[in-house]
Amino acid sequence: MTYKAIPSIVVSVLLAVPVAGEAGSFKHVKTEADFLALVRGKTLSADWGSMQILPNGKIKGKTQQGKLVGAWQWNGALWCRNVRIGKQPERGTDCQKIGVSGNQLQFIREQGRGTAGVMVISN
């Protein structure tokens, strides 16, 4: 699998949604298998747009700024992803801590030390 840097603007766009509830209300997703069980065949939505995280390591979606494409891989207990919106250049990789609470998926940037955002999981 080719793995490239993730645009920093996309990192901000993907996680611009405020976290619903306290961070402690989300259960840490620690394995790729558990993560895939949550996102396989689902759409993740937020105010900025939506995306699908595919089992083959690809990401696709739509944003207000254009088409979203990318790649992802699991690293330890973190989800690492590289995305690009429209014709914007790639700007760096971000590995994120993932949490789940009901139909909400929380993404915490910078290996769980950065800002957090929430997306809604739907069919």
request  = Please round to the nearest 0.5 Å and tell me the distance separating atom OG of Ser45 and atom CE of Met119.
outcome  = 6.0 Å
task = Any chance you could measure His28, atom NE2, to Asp34, atom CG, to the nearest 0.5 Å?
result = 10.0 Å
task = Output, in order, the C-alpha distance, side-chain angles, deciding distance and verdict of side chain to side chain contact (heavy atoms under 4.5 Å, CB included) for Leu68 and Ile59.
result = CA-CA 8 Å; Leu68 179 139; Ile59 301 169; 3.4 Å; yes
request  = Taking all non-hydrogen atoms of both residues into account, name the closest pair between Ile98 and Trp79 and its distance.
outcome  = CG1-CB, 3.7 Å
ask   = Distance from Cys80 atom SG to Asn75 atom CG, nearest 0.5 Å?
value = 4.5 Å
query = Would you say Lys67 and Val69 make side-chain contact, with heavy atoms under 4.5 Å?
reply = yes
message = Measuring only between side-chain heavy atoms, which start at C-beta, is Lys42 closer than 4.5 Å to Ile121?
response = yes
query = By side-chain hydrogen bond (donor to acceptor under 3.5 Å, both in side chains), which residues pair with Glu32, not counting sequence neighbours?
reply = none
ask   = What heavy-atom pair brings Arg109 and Gln96 nearest, and what distance separates the two atoms?
value = CA-CG, 3.9 Å
ask   = So if you build clusters from Ile, Leu, Val, Met, Phe, Trp, Tyr with side-chain heavy-atom gaps below 4.5 Å, do Ile53 and Leu78 land together?
value = no
Closest heavy-atom pair and its distance - Ala116, Gln106 = CB-NE2, 4.1 Å
ask   = Is the backbone N or O of Gly66 less than 3.5 Å from a side-chain atom of Thr63, with the two atoms forming a donor-acceptor pair by type?
value = yes
inquiry  = For Trp72 and Phe35, take the angle between the two ring planes, folded into 0 to 90°, and tell me which bin it lands in: parallel under 30, tilted 30 to 60, perpendicular over 60.
reply    = perpendicular
key: Contact check, side chains of Lys97 and Gln111, non-hydrogen atoms, under 4.5 Å   = no
ask   = Got Leu44 and Val120 here, is their nearest side-chain heavy-atom distance under 4.5 Å?
value = no
ask   = CD/Gln65 to CH2/Trp48 distance, rounded to the nearest 0.5 angstrom?
value = 9.5 Å
task = Considering non-hydrogen atoms only, spot the tightest contact between Phe107 and Met51 and give its length.
result = CZ-CE, 4.2 Å
note = CZ (Arg84) and CD (Glu90) are apart, to the nearest 0.5 Å, by 6.5 Å
inquiry  = Tell me the closest heavy-atom pair linking Val118 and Ala46, and the distance in Å.
reply    = O-CB, 4.2 Å
remark   = Gly114 and Ile108 have their tightest heavy-atom pair at O-CG2, 3.4 Å
inquiry  = A side-chain contact here means heavy atoms from C-beta on lying under 4.5 Å apart; do Leu105 and Val39 qualify?
reply    = yes
